[in-house]
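One structure is given below, encoded as structure tokens.
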Amino acid sequence: MFIKTFQTGGDRNFGYLIVDEASRLGVVVDPSYDPASIVRYASENDVRVVRAFCTHDHHDHTNGNADFERATGVRPLLFGDTDDVSGDEIADGARFPLGRLEIRVIHTPGHTPDSICLLIGDALFTGDTLFVGKVGGTDLGDGARTEYASLHDRLMTLPDEVRVFPGHDVGGAPSSTIGRERETNPFLLRGDVEAFIDLKRNWAAYKEEHGIA
Ligand SMILES: [Fe+2]
């Protein structure tokens, strides 16, 4: 498996191309602001893009979808959509083949109700659910509670070695691992949901105190 990360612009958005090297088939995650670069890279590297997903329905992740589909014939799918190839719904637990690899959909509501993470091999594409050292923005009520449950029940149950590729370059490094986030992400170190919400409420002060950009 080969992963190419694209800094697509916007709010330091990331797009990704994931390639099964045996078949040269690729899947794109969040084409966002720069579908042209992703499509060009794929064609220059002999990769046939056969699938695409968006991690959630926020404009900065979906605004390149029409251009991407025009260039590739592949429609980026969101939670609740139906896959044109298999007829399967993009639902929690759905699995799609990519050559010898498998793409697994993990529904992680919170930042938005339709947020998904995509597990491909040992790589997890987390959109705006989990960032390096941070988590996705929510309200301080049900959104935060739902996000807390998604983070702990769906993502922190994955093995430490799973690599984390977020939707924005807003942390101290472009990517991380589940283990590193489990050990160092201040939001994941909070012992319960009330402490998690409290950190969200006081995040500006926390960042300043700890020198976090
Ligand atoms: Fe978002």
Side-chain angles (χ1 to χ4, degrees), residues 3 5-18 27-35 37-38 51-69 75-81 90-92 94 103-120 123-156 163-176 178 181 185-188 193 196-197 199-201 203-204 206-207 212-213:
I3 298 168
T5 300
F6 296 87
Q7 294 175 308
T8 64
D11 182 17
R12 290 168 284 170
N13 279 72
F14 277 140
Y16 296 99
L17 172 68
I18 303 96
V27 58
V28 169
V29 175
D30 288 346
S32 54
Y33 292 89
D34 199 7
S37 290
I38 302 175
R51 290 183 187 279
F53 295 89
C54 284
T55 54
H56 62 295
D57 189 9
H58 273 167
H59 179 77
D60 59 322
H61 297 257
T62 60
N63 63 349
N65 285 4
D67 285 347
F68 181 83
E69 184 173 359
R75 179 170 65 102
L77 300 171
L78 286 100
F79 183 73
D81 284 347
I90 311 309
D92 186 52
I103 303 160
R104 191 172 118 205
V105 177
I106 304 174
H107 186 209
T108 53
H111 174 69
T112 63
D114 73 343
S115 287
I116 54 172
C117 296
L118 297 154
L119 182 64
I120 306 172
L124 182 71
F125 299 86
T126 55
D128 291 3
T129 295
L130 176 63
F131 300 122
V132 177
K134 299 172 185 169
V135 297
T138 61
D139 60 32
L140 298 177
D142 287 348
R145 291 175 191 281
T146 306
E147 183 180 68
Y148 181 87
S150 290
L151 289 165
H152 286 277
D153 300 348
R154 312 310 311 279
L155 299 190
M156 289 304 110
R163 296 182 286 163
V164 171
F165 295 90
H168 294 267
D169 189 10
V170 293
S175 64
S176 185
I178 287 291
E181 292 310 299
N185 188 312
F187 290 95
L188 297 174
V193 68
F196 176 77
I197 292 172
L199 181 57
K200 282 184 173 252
R201 188 178 293 117
W203 180 235
Y206 183 96
K207 280 203 297 186
I212 298 169

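Start at 1 and go down the list; that is how both ligands and their atoms are numbered.
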Protein-derived N, O or S atoms lying less than 2.8 Å from the Fe ion (ligand 1), waters not counted, sum to 4
Indicate whether any N or O donor in one side chain lies under 3.5 Å from an N or O acceptor in the other, for Asp34 and Ser37. yes
For this output row, return yes or no: ring centroids of Phe131 and His168 closer than 6.0 angstrom. yes
Phe6 and Tyr16 aromatic centres sub-6.0 Å: no
Does Phe53 have any ring-ring contact (aromatic ring centres under 6.0 Å, His included) partners at least two apart in sequence or in another chain, and if so, which? Phe96
Derivation and outcome, side-chain contact (heavy atoms from CB on, under 4.5 Å), residues Gln7 and Asn13: CA-CA 6 Å; Gln7 294 175 308; Asn13 279 72; over 6 Å; no
Going by atom types alone, do Asp114 and His107 pair a side-chain donor with an acceptor below 3.5 Å? no
